[in-house]
Enquirer: 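Can you keep this structure in mind? I'll have questions shortly.
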Amino acid sequence: MNTETASHAIELVALTKSYGTAKAAVDAINLRIAQGSYCCLLGPSGCGKSTTLRMIAGHELATSGDILLDNRNITDLPAVQRGTAMMFQSFALFPHLSALDNVAFSLKMQGVGKTERHAKAMALLQRVELAHLADRTPAQLSGGQQQRVALARALMTQPKVLLLDEPLSALDPFLRTQMRSELKSWQQELGLTFIHVTHSQEEAMALADTIVVMNHGLIEQVANPWTIYNQPATEFVARFMGGHNILRQQDKLVSVRTDRCKLAAHANQIPAGAQSVAVVIRGIEYQGTHTLVGLQTPPEPQLSGDNATHVVRAMDYYAMTAEHDFQQGIWQTGQNAFLWWMPQDVHPLSPPPLS
C-alpha cells in the first residue's frame with residue numbers, strides 16, 4: 001500500500017503523555033496510519049507503544065497533542081464515541097457468559113433486544129468460524145478460540161479502527177503462528193485499519209504493512225517491513241530488529257546484515273575489495289538451516305594524547321555460516337578468524353531522534 005497517497009485513518013499530532021516524571025512516556029510523536037492498513041507499534045517494554053494505543057482507544061488521556069480519526073478530532077471523546085475497538089492481551093472475556101453472550105454484550109448494554117443482538121452475535125461468530133461453539137464459556141474454549149470470540153466482540157461495535165494490545169503473547173508458539181495468519185486474513189477481508197502493539201520483531205514483520213519502531217517514548221523509524229530490516233534508520237532499530245552487525249567507519253555508525261557477513265580463517269582468504277575485522281569466536285549455535293557464530297574483537301591498547309594507555313572495549317559481532325560448517329566442526333570456540341563483508345552491503349545509520 002502506498003502510504004504517501006492513501007487516505008489516513010489515524011493521525012497523531014505532537015501526541016504526548018506524561019506522568020509527572022522528567023521524561024514523557026510518549027514524547028510529542030507525529031504519525032499517520034493509512035486507512036485499511038495493518039500497522040504494528042513495535043519496541044521493548046517501556047518504549048511507549050501501549051500508552052500510545054491506550055490514548056488512541058480513549059483509555060488514557062493525552063497530556064497534550066491531538067488524535068484524528070478520518071480528520072475528526074477524537075482526542076477528548078469517550079472511548080465509546082471514537083469509532084475504535086480494543087482487543088486486549090488477556091482477551092477480557094466474561095467468564096460466566098457464553099461465547100454468544102460475550103459477543104452480544106455491547107448491544108445488551110445499548111438496550112438492544114435479545115433476539116436481535118443474538119442474531120448479530122451469531123453472524124459474527126460464523127464469520128470467525130465459531131458458531132458451533134456459541135454456547136460454550138471461555139473456560140471451555142482454547143486460547144485461539146477465545147481470541148476469535150474477542151475479535152467478534154470487538155467487531156460488534158462496527159469500528160473503523162481495531163486496536164490490538166499484544167493479542168498473541170499469551171498463546172503457545174505454534175498457535176501464535178497460526179493466529180498470526182488468521183489476523184492478517186481477517187484484516188484484509190474486513191478492510192479495517194488494524195493497529196497492533198507487539199514487542200516481537202517476527203510478529204511485526206509477518207503482519208504489518210507499516211512498522212512503527214518506538215524507543216523511550218519516541219519514534220525511531222516508520223516504514224514497511226522490508227525497509228525496516230534492510231535499511232534501519234538508527235543504531236537502535238538495527239540492534240532491536242536483530243540480524244545486523246554495527247560498525248564504526250570514519251567516525252560514523254553503519255550496519256551490515258549478519259547474513260551478508262562471512263568468516264575467513266586466514267587473511268589471504270578474504271576477497272579483494274572486501275572490508276574485514278579480526279575476531280575471536282565466542283559461541284556457536286546450530287539453528288537448523290544455518291549456524292550462528294558469535295564473535296568478539298579482542299580488546300586493544302590505544303595511546304591517548306598524553307601517552308597514557310587505554311583499552312578499547314571489545315565489540316560483539318555475528319556471522320551466519322552454512323549448516324555444513326557446523327557438522328564438519330570447521331569453526332571452534334576460541335579460534336581466531338576474520339569477519340568480512342563487501343562495501344555494497346554497508347548501510348549508513350542516522351543519529352537517534354531528539355526528544
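When reading the values below, keep in mind they use all heavy atoms of this one structure, side chains included, and skip hydrogens, waters and symmetry mates.
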Enquirer: Which pairs with one or both residues in residues 186-205 pass ring-ring contact (aromatic ring centres under 6.0 Å, His included), sequence neighbours excluded?
Expert: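 Only Y38-F194, Y38-H196 qualify under ring-ring contact (aromatic ring centres under 6.0 Å, His included).
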Enquirer: Say whether, by atom type as modelled, one donor and one acceptor occur between the side chain of R282 and the main chain of G294 under 3.5 angstrom.
Expert: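 Answer holds: no.
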Enquirer: For the residue pair V149 and A99, what are the closest heavy atoms and their distance?
Expert: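 Here V149 and A99 meet closest at CG2-CB, 3.9 Å.
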Enquirer: Is there a path from F240 to V197 through hydrophobic residues (I, L, V, M, F, W, Y) whose side chains come within less than 4.5 Å of each other?
Expert: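 No, it is not one cluster - the side chains of F240 and V197 are not joined through contacts under 4.5 Å.
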Enquirer: Please answer: with hydrophobic residues joined when any side-chain heavy atoms are less than 4.5 Å apart, are M320 and L339 in the same cluster?
Expert: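 Result: no, two separate clusters.
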Enquirer: Could you report the tightest heavy-atom contact between W331 and I284, atom names first, then the distance?
Expert: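 Minimum heavy-atom contact is O-CD1, 3.0 Å.
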Enquirer: Counting N and O atoms only, with roles assigned by atom type, does the side chain of S181 sit under 3.5 Å from a partner on the main chain of T177, one being a donor and the other an acceptor?
Expert: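 Not at all, since once roles are kept as given, no pair shorter than 3.5 Å links the two residues.
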Enquirer: Please confirm whether the backbone N or O of T193 pairs with a side-chain atom of Q35, one donor and one acceptor, at under 3.5 Å?
Expert: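 Here the side-chain-to-backbone pair does not exist.
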Enquirer: Report yes if some heavy atom in the side chain of L295 is under 4.5 Å from a heavy atom in the side chain of I281; otherwise report no.
Expert: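 They are in contact (side-chain heavy atoms under 4.5 Å apart), so the answer is yes.
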Enquirer: If hydrophobic clusters are built from ILVMFWY residues whose side chains come within less than 4.5 Å, do V26 and I195 share one?
Expert: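 Same cluster.
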Enquirer: May I ask you to check whether over 12 heavy atoms, not counting those of Q178, lie within 6.0 Å of atom CD?
Expert: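 Counting other residues, nucleotides and ligands, CD of Q178 exceeds 12 neighbours.
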Enquirer: Please answer whether the main-chain N or O of R148 pairs with a side-chain N or O of R153 as donor and acceptor at a distance below 3.5 Å.
Expert: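 Checking the backbone N and O of R148 against the side chain of R153, no donor-acceptor pair under 3.5 Å is found.
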Enquirer: Begin from the C-alpha positions of F326 and H290 and carry the test ring-ring contact (aromatic ring centres under 6.0 Å, His included) through to its verdict.
Expert: CA-CA 8 Å; F326 180 84; H290 65 274; over 10 Å; no
Enquirer: Got a donor-acceptor contact below 3.5 angstrom from the Q81 side chain to the P78 backbone?
Expert: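 Answer holds: no.
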Enquirer: Quick check: are there more than 12 heavy atoms from other residues, nucleotides or ligands sitting under 6.0 Å from CG of D66?
Expert: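 More than 12 within 6.0 Å, yes.
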Enquirer: Where do V237 and Q221 come nearest, in terms of heavy atoms and distance?
Expert: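 Reported closest heavy-atom pair: CG1-OE1, 3.3 Å.
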Enquirer: Shortest non-hydrogen contact from T84 to P159?
Expert: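 Looking at all heavy atoms of both residues, the closest pair is C-CB, 3.9 Å.
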Enquirer: Can you list every pair that meets salt bridge (charged side-chain N to carboxylate O under 4.0 Å, His left out) and has a residue in residues 328-346, with sequence neighbours left out?
Expert: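 Pairs touching residues 328-346 that pass the test: R260-D345.
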Enquirer: Please work out whether the ring planes of H96 and F94 are parallel, tilted or perpendicular, with thresholds of 30° and 60°.
Expert: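 Because their plane-to-plane angle is over 60°, the rings of H96 and F94 count as perpendicular.
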Enquirer: Taking atom CD of Q287 as the centre, report whether more than 12 heavy atoms of other residues, nucleotides or ligands fall under 6.0 Å from it.
Expert: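 Counting other residues, nucleotides and ligands, CD of Q287 exceeds 12 neighbours.
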Enquirer: Apply salt bridge (Lys or Arg N to Asp or Glu O under 4.0 Å) to E203 and list each qualifying residue two or more places apart in sequence or on a separate chain.
Expert: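 So E203 forms no salt bridge (Lys or Arg N to Asp or Glu O under 4.0 Å) with any residue.
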Enquirer: In the structure I gave you, are the side-chain heavy atoms of T258 and L292 within less than 4.5 Å of one another anywhere?
Expert: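 A side-chain contact exists here, since the closest heavy-atom pair is under 4.5 Å.
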Enquirer: Using a 6.0 Å cut-off, check whether atom OH of Y318 has over 12 heavy atoms from anything other than its own residue.
Expert: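 Counting other residues, nucleotides and ligands, OH of Y318 stays at 12 neighbours or fewer.
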Enquirer: Using a cut-off of 6.0 Å, state whether more than 12 heavy atoms not belonging to K108 lie near its atom NZ.
Expert: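 For K108, atom NZ is not crowded (no more than 12 foreign heavy atoms under 6.0 Å).
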Enquirer: A204: what forms a side chain to side chain contact (heavy atoms under 4.5 Å, CB included) with it, not counting sequence neighbours?
Expert: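 So A204 forms a side chain to side chain contact (heavy atoms under 4.5 Å, CB included) with C40, L42, T198, I211.
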Enquirer: Do L192 and L155 have side chains that get closer than 4.5 Å, going by heavy atoms?
Expert: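 Yes, close enough: below the 4.5 Å cut-off.
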Enquirer: Do L263 and W340 land in one hydrophobic cluster if side-chain heavy atoms of ILVMFWY residues count as linked below 4.5 Å?
Expert: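 Not linked; separate clusters.
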Enquirer: Decide yes or no for H324 and I330: does some side-chain heavy atom of the first lie under 4.5 Å from some side-chain heavy atom of the second?
Expert: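 When only atoms from C-beta onward are counted, I330 and H324 do touch, with a gap below 4.5 Å.
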Enquirer: If you define the side chain from C-beta out and look only at heavy atoms, does anything of P353 sit under 4.5 Å from F236?
Expert: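 When only atoms from C-beta onward are counted, F236 and P353 do not touch, as no gap falls below 4.5 Å.
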Enquirer: Output all residues satisfying side chain to side chain donor-acceptor pair (under 3.5 Å) with H118, sequence neighbours left out; order by chain, then residue number.
Expert: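 With sequence neighbours excluded, H118 shows a side chain to side chain donor-acceptor pair (under 3.5 Å) to D101, given in chain and number order.
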Enquirer: Judged by atom type as modelled, is there a donor-acceptor pair below 3.5 Å linking the side chain of T16 to the main-chain atoms of A14?
Expert: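 Yes, because the side chain of T16 sits within donor-acceptor range (under 3.5 Å) of the backbone of A14.
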Enquirer: Whether the side chain of N102 engages the backbone of L97 through a donor-acceptor N/O pair (distance < 3.5 Å, no angle test) should be reported.
Expert: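 Indeed, once roles are kept as given, a pair shorter than 3.5 Å links the two residues.
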Enquirer: Can you hop from M156 to L162 via hydrophobic side chains spaced under 4.5 Å?
Expert: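 Yes, because M156 and L162 connect within a single hydrophobic cluster, where side-chain heavy atoms sit under 4.5 Å apart.
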Enquirer: Apply salt bridge (Lys or Arg N to Asp or Glu O under 4.0 Å) to R127 and list each qualifying residue two or more places apart in sequence or on a separate chain.
Expert: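 R127: salt bridge (Lys or Arg N to Asp or Glu O under 4.0 Å) contacts with E189.
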Enquirer: Compare every heavy atom of A154 with every heavy atom of M87, then report the nearest pair and how far apart it is.
Expert: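 Closest approach of M87 to A154: CG-CB, 4.1 Å.
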Enquirer: Check for a donor-acceptor pair, side chain of K49 on one end and backbone N or O of G43 on the other, with a separation under 3.5 Å.
Expert: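 Yes: the side chain of K49 pairs with the backbone of G43.
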Enquirer: Pairs of donor and acceptor atoms involving the side chains of residues 134-143, under 3.5 Å and at least two apart or interchain, shall be tabulated with distances.
Expert:
from	atom 1	to	atom 2	distance (Å)
T137	OG1	Q140	OE1	3.4
Q140	OE1	T137	N	2.9
S142	OG	Q145	N	3.2
S142	OG	Q145	OE1	3.4

Enquirer: Please enumerate all residues that pass side chain to side chain donor-acceptor pair (under 3.5 Å) together with T234, with sequence neighbours excluded.
Expert: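 Testing T234 for side chain to side chain donor-acceptor pair (under 3.5 Å), a comparison that skips the adjacent residues, returns E220.
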Enquirer: Keeping the roles fixed (side chain from H244, backbone from Y229), state whether a donor-acceptor pair exists under 3.5 Å.
Expert: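 Yes; judged by distance alone, with no hydrogens or angles, the pair exists.
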Enquirer: Taking the side chain as every heavy atom from C-beta outward, state whether K160 and I10 have any atom pair closer than 4.5 Å.
Expert: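 Side chain of K160 against side chain of I10, heavy atoms only: no contact under 4.5 Å found.
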Enquirer: Walk me through it: do H347 and N230 pass the test side-chain contact (heavy atoms from CB on, under 4.5 Å)?
Expert: CA-CA 8 Å; H347 173 71; N230 287 279; over 6 Å; no
Enquirer: What pairs with K17 under salt bridge (Lys or Arg N to Asp or Glu O under 4.0 Å), at least two apart in sequence or on another chain?
Expert: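 Once residues adjacent in sequence are excluded, the partners of K17 under the salt bridge (Lys or Arg N to Asp or Glu O under 4.0 Å) criterion are E60.
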Enquirer: Report yes or no: does D70 contribute a side-chain atom to a donor-acceptor pair with the main-chain N or O of R72 at less than 3.5 Å?
Expert: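 No, D70 side chain to R72 backbone: no donor-acceptor pair under 3.5 Å.
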Enquirer: Could you go through V212 and T52, starting from their C-alpha distance and side-chain angles, then the distance that decides it, and tell me whether this counts as side-chain contact (heavy atoms from CB on, under 4.5 Å)?
Expert: CA-CA 11 Å; V212 180; T52 299; over 6 Å; no
Enquirer: With sequence neighbours excluded, tell me which residues meet salt bridge (Lys or Arg N to Asp or Glu O under 4.0 Å) with R117.
Expert: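 Once residues adjacent in sequence are excluded, R117 has no partner under the salt bridge (Lys or Arg N to Asp or Glu O under 4.0 Å) criterion.
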Enquirer: Please enumerate all residues that pass side chain to side chain contact (heavy atoms under 4.5 Å, CB included) together with L253, with sequence neighbours excluded.
Expert: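 Listed in chain order: E235, I246, R248, L349.
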Enquirer: Identify the heavy atoms of G65 and T75 that sit nearest to each other, and give their distance.
Expert: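 It is O-CG2, 3.6 Å.
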Enquirer: Just to verify, what does Q147 make a side chain to side chain donor-acceptor pair (under 3.5 Å) with, not counting sequence neighbours?
Expert: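 Side chain to side chain donor-acceptor pair (under 3.5 Å) check on Q147 returns nothing, list empty.
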